[in-house]
Structures are given as structure tokens and as C-alpha cells.
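Everything numeric here is computed off the predicted structure, so don't read it as measured data.
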Amino acid sequence: MDLTAYRDLWRTPGVMTLLAAALTARMPVMATMVPLAFLAKDASGNFGWAGVVAGAYSIGTAVASVVWARMADRRGARKVVIITGMAWALMMAVTALLPYSWFRVLPVAAALAGLCVAPVASTSRAAWPRLVQGGRLRVLYALDASATELLFVIGPMLGAVIVSLASPRAGLLACAILAAAAIWWFGLKQQSTAIKEAVGSRRVTARELLWHRHRLSLVIAFACMVTGFAAMSLGIVAFADEHGNRLIAGVLETVAALGSLIGGLVGGALPGGRDSYVWKRMLVFTVLIAGCFFATASVVALAIGLFASGCLIAPTVGALYERLGELTPAAARTEMFGWVLSGGMLGSAAGSAVGGVVVETFGVRYAWALMAVLGVLGTVAVLRVPPHRPADSTLESAPVAA
């Protein structure tokens, strides 16, 4: 391994500060789902209503990720991020203070809050190609994907701790206050580069942006992965329930996330002396996931399989992000990542629904069979996507037309 890549990123002006600001801004937003679910349950008396509220929030987020990302490209990220971030914090505070007798209003309030989610992830990932190029860009996207795994573990845990020590209302209010401060900080780190890049360039329509032989393939592959992740999470829950100990689910989720974190950090430290094809990473990940199908006989075997396959999650997702960033015009990168996140939200919902049917019909192990099939589809989708070439210090953005 070569750790000089991380040292170079550390020394690059603005990179680590922006990454830290982005992660800090996303943390309280990701922590929200646990207190929001418990608030809906306490108010209505059942978890069914909590699912309705969570679904309304997810739909709002899926819509917002594209709208605000596109606006950030057109008007500049700073104003869009700060305004939406403050609006999200306000809506979460209002939701937290609603009387329990108004529980039927919670889905509407949650949807409005979802519509105000700031495009933090999209704007940060769109900024990386402006800050670094070549091999360092590959490392930075891998680091971004690895750090995101920490958010998926720490965020919900933070929300659960506040709910346990105080209440769901206190959890939502704490998330609102923390998010307002953190998103404001992140927003101030945004530059007016997006506006300068858009000046004199033709506005790209959504159809032109998506209907591209490489970008569309990458979005399809990402959607396949996220859909598979949702099915896998449901399979882990079903596996734990089948073994009579629900704590197993948390342990297995943590094992997979730990594998992803380690895989991302190690992958970023590798020399990268050869062309890096996305489809090769997708294929190895798919093979390892398929191995989990045969590892459901015991908790230990499945934990090993999840750790091994997890080691390919962050490197594969990071490679998808890197290719998208390089193959998208600079003036439309934020919107492109907004479409990716929106597709991920919808894929997650579809994966949970389809995964539930598969588990109920065929059995727990077939959740991983479904994920393996989706992995194959994603691999086929990116077969023709050009690789990251270490010899290229800078790769020109691809034209809009296919």
C-alpha cells in the first residue's frame, strides 16, 4: 500500500475541510430517521404509521435531491445549501413539536421536511473534480464512499442514543439544531465556481444529462447496488429473526459496514498503476455476494461472507462516483449526483419491497440471490464504461450528447 495518496489529499488546500464539513452536515440528517420513526409510533400507537411517515419522508427526499441539485448548478451551491438546510431544520423542529393528537399530519410534515433536504452529498461530490485530478481523484472518491459507511453506522446510533436518554421529540430537536449549524458551515465552504462554469454554456436538459451511453449505465449500476443493499438489509433482519436473536442483525450490519470502511481505505492506498475498470469491481463484489447465499447455515459463516463482500462496497461505489464525476460536464455535475441519489432512494424502496416478497416466498438466503442477480445486471451495464487511467492527470469532461 502507498499512504502518500492520503498525505497528498491532506495537503491539498480545501479538500479535507470540505470533506469534514460535508460529513458533519450529513450526520444529523441521517440520525433523524430513528427519532422520527419512534415519534410516529408514540403518537399513533403502532409502527405501521411509522412506516408511512418514513415513506413520505423518503419520497420528499427523492424529489428534492434532483430539484435542489439542479438549482445549485444554476444559481450556485452556497445559497441553495444554506436556505434548504435552514428550512429542513425548521420543518424538523415543527414536526417534533406537533401534538400527538395531530399524528395524522405527520406524513405531510415529514414529506415537507424531505423536500427541504439540502444537497450536501451532491454538491460535495461535484466539487471533487474541481479540487483534485487524476489518481488523487480516485482516492478521494474512495475516501468519500468509505466515510459514508461510518455515517450509516454512527448516524442512526446517535439518533437511537438520544431517543433512549431523552425522547423522540428531543432527538428531532437535537438533529435540527446540529444540522442548522453544520449545514451553515458546509454552505459557507461552497464557492461560486458553479456559477462561473455555467456562464456561457448551454443549459443541459435532464434528458440530455441522463441519456448518455456511459452516464446512464453508471446510474443503472448504482441503482442495482442500492436495490441490492435494501434487499440484503431485509435478509439480515429475517436471518436474525430466524435465529431468535434480533441483536444479530445489528452485528451483521456493522460487520458489513466495517468491511466496506476497511476496503475503501485500503483500495485508496493501493498504487493504482493499471487501468481501473468499474465492471471488474462490480463482478468481484457480485461473486462475493453470491457466496453469502451458501453462508446462511451459521451466523459466523454469514458474518465472514458479509465482511468479505463488504470490502468491495466502498471501492465499487467510489469507482462509480469517480467515473460519473469525470464523465459529466462540470456545469451539470451536481444535478447528475442528484439524480444518482434520487435513483438510490427509489431503488432502496423497491429493494425492500421486492426483497420482502422473495424472503417470504423462497427463504432468507434468496435475499442474497436477488442481490447477486442485481450485481450481474449492474456489471453488464458498465461493461463499456471507459476505465480510470492512471496515466491521465486530467480527463476532460465528456460531451453531453451520446
Side-chain angles (χ1 to χ4, degrees), residues 1-12 14-31 120-129 131-132 134-158 182 186 218 221-222 225-226 228-229 232-233 252-272 276-278 280-282 284-286 288-289 303 306-326 337 340-341 344 348 375 378 388:
M1 294 192 300
D2 183 9
L3 297 179
T4 57
Y6 291 115
R7 186 178 61 197
D8 291 341
L9 287 179
W10 184 268
R11 293 176 176 176
T12 303
V15 170
M16 287 302 168
T17 303
L18 184 60
L19 180 61
L23 295 175
T24 306
R26 293 172 63 194
M27 178 72 73
V29 177
M30 297 186 72
V120 174
S122 299
T123 52
S124 62
R125 287 166 185 159
W128 300 145
L131 297 176
V132 299
R136 288 187 301 166
L137 182 60
R138 176 187 62 85
V139 177
L140 182 51
Y141 275 115
L143 182 61
D144 185 326
S146 300
T148 299
E149 288 298 325
L150 280 180
L151 293 183
F152 279 112
V153 175
I154 298 175
M157 186 182 300
L158 176 63
F186 174 79
L218 290 165
F222 182 80
M225 287 196 72
V226 174
F229 293 153
M232 181 182 75
S233 293
L252 292 178
E253 289 278 10
T254 302
V255 167
L258 182 62
S260 180
L261 175 63
I262 294 174
L265 294 176
V266 172
L270 293 177
S276 177
Y277 289 87
V278 180
K280 290 184 178 180
R281 299 191 183 197
M282 286 285 297
V284 176
F285 170 73
T286 302
L288 292 173
I289 279 295
L306 287 173
F307 180 82
S309 57
C311 288
L312 265 294
I313 293 177
T316 304
V317 172
L320 288 169
Y321 287 157
E322 187 272 336
R323 290 290 78 202
L324 270 173
E326 288 284 20
F337 282 110
V340 169
L341 293 177
S348 179
H388 167 83

Thr148 side, atom OG1; Met30 side, atom CE - distance, nearest 0.5 Å: 7.5 Å

Which class fits the ring pair Phe222 and Tyr321: parallel under 30°, tilted 30 to 60°, perpendicular over 60°? tilted

dist Leu158:CG -> Leu151:CG (nearest 0.5 Å) comes out at 11.0 Å

N/O donor-acceptor pair under 3.5 Å between Tyr6 side chain and Leu143 backbone: no

Under a 4.5 Å cut-off applied to non-hydrogen side-chain atoms, are Pro315 and Phe285 in contact? no

Shortest non-hydrogen contact from Val255 toward Ala303: CG1-O, 3.4 Å

Interatomic distance, Ser124 atom OG to Phe337 atom CZ [nearest 0.5 angstrom]: 8.5 Å

For the CZ atom of Phe307 and the CG atom of Leu252, what is their distance to the nearest 0.5 Å? 13.5 Å

Of all heavy-atom pairs linking Gly264 and Ala142, the shortest is O-CB, 4.0 Å

Using a 3.5 Å cut-off and no angle test, enumerate the donor-acceptor pairs between side-chain atoms of residues 14-25 and protein atoms at least two apart in sequence or in another chain.
from: Thr24; atom 1: OG1; to: Ala20; atom 2: O; distance (Å): 2.7

Compare every heavy atom of Val226 with every heavy atom of Gly344, then report the nearest pair and how far apart it is. O-CG1, 3.1 Å

Please name the pair of heavy atoms, one in Leu288 and one in Ala308, separated by the smallest distance, quoted to 0.1 Å. CD1-O, 3.4 Å

Rounded to the nearest 0.5 Å, what separates atom CG in Leu218 from atom CG in Leu324? 4.5 Å

Side chains of Thr12 and Arg136: is there a donor and an acceptor less than 3.5 Å apart? yes

For residues Glu322 and Tyr141, report the shortest heavy-atom separation together with the two atoms involved. CA-CD1, 3.4 Å

Is there a side chain to side chain contact (heavy atoms under 4.5 Å, CB included) between Val340 and Arg125 once you walk through the steps? CA-CA 11 Å; Val340 169; Arg125 287 166 185 159; over 6 Å; no

Can you find a pair of side-chain heavy atoms, one from Leu306 and one from Met232, that are under 4.5 Å apart? yes

Compare every heavy atom of Arg138 with every heavy atom of Gly267, then report the nearest pair and how far apart it is. O-NH1, 3.3 Å

